Amino acid sequence: MYCPSPLFDSHFHIIDPRFPLVANQGYLPEAFTVDDYLKRMKAFNVQGGAVVSGSFQAFDQSYLIAALQQFGEGFVGVTQIPATITDDELASLHQAGIRAVRFNLRRGGSEDIRELENMAQRVYQQFQWHVELYVDARELKQLSPLVKRLPAVSLDHLGLSKDGLPYLKALLEKNVKVKACGFGRVDFDVSKVLPMLYQINPHALMFGSDLPSTRAPRAFEDADIQLIMDALPETTAYHAVLYENGQRFYARP
């Protein structure tokens with residue numbers, strides 16, 4: 001398909017078997033290397049993106065640093081780190097291109113949520129990193145007060161659930177970012193939800209391919225990009241979601 005906008009892919013995984021993998025709930029993913037990603041997305045004008053650590057990568061940084069070195073300019077990393085990490089170690093990760101910390105509340109592999117607020121404040125104050133939450137939006141009913149206190153935060157996969165959309169919408173009003181990715185994981189009509197979310201905060205939605213879509217009921221398809229353009233037919237709207245919002249959010253110093 002033809003896409004007139006460049007892409008900033010705010011959410012995808014690289015799985016390189018040369019580096020440590022940890023079985024998560026008995027699951028180990030198949031390989032999906034940098035070369036595999038570039039081949040899969042060669043039809044699009046990908047100008048940058050965020051390589052996101054998965055539950056099966058735990059606190060390993062070696063794969064992520066290697067992937068960012070291969071991708072080069074425009075790509076950044078989203079990692080999982082323990083609360084015991086030193087300031088020097090954080091500085092090294094920043095130098096390598098890491099720009100965010102992920103808390104995986106659905107599948108684990110990341111630090112305990114009790115460390116979320118302290119870590120969010122620490123990495124933002126030192127490096128202006130944000131935190132990313134993989135969470136079912138239904139849980140935001142309890143988590144919203146905490147999330148609102150965080151200096152910068154994004155939520156994965158449109159929050160996953162229809163029942164959680166009211167809590168998700170309320171957070172968009174507080175400038176929380178939301179990744180428009182993982183359409184095969186959600187239980188609602190994405191084409192109807194995207195315009196509602198965009199209207200609340202046109203700077204919040206960020207495209208992600210979610211490649212290689214590990215454990216998703218349906219993997220990413222090229223048609224998902226067309227879905228975004230059809231749901232947000234104004235050029236300024238789909239350009240913001242496909243490129244501008246993500247590029248701006250991740251382009252921190």
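Not measured: the values here are computed from a predicted model.
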Pair Arg185 + Asp156: basic N to acidic O under 4.0 Å: no

Quick one, Leu155 and Leu140 - any side-chain contact, counting heavy atoms below 4.5 Å? yes

Out of His130, His203, His11, which one pairs with Phe249 under the ring pair (Phe, Tyr, Trp, His ring centres under 6.0 Å) rule? His130

Do the side chains of Lys179 and Asp9 get close enough for a salt bridge, i.e. N-O under 4.0 angstrom? no

Contacts of Asn245 that satisfy side-chain hydrogen bond (donor to acceptor under 3.5 Å, both in side chains) - sequence neighbours left out: none

Ion pair check, Asp224 and Arg218, cut-off under 4.0 Å: yes

Using a strict 4.0 Å threshold on nitrogen-to-oxygen distance, state whether Asp87 and Arg122 make a salt bridge. yes

Is the count of non-hydrogen atoms from other residues, nucleotides or ligands lying under 6.0 Å from Glu221 atom CD greater than 12? yes

What closest approach, in Å, do Trp129 and His94 show between heavy atoms, and which atom pair accounts for it? NE1-ND1, 2.9 Å

Just checking Phe71 against Tyr37, ring centres under 6.0 Å apart? yes

Not counting sequence neighbours, which residues clear ring-ring contact (aromatic ring centres under 6.0 Å, His included) with His239? List them please. Tyr243

Check each of Asp210, Asp35, Asp222 against Arg40 using the salt bridge (Lys or Arg N to Asp or Glu O under 4.0 Å) test, and report the only one that passes. Asp222

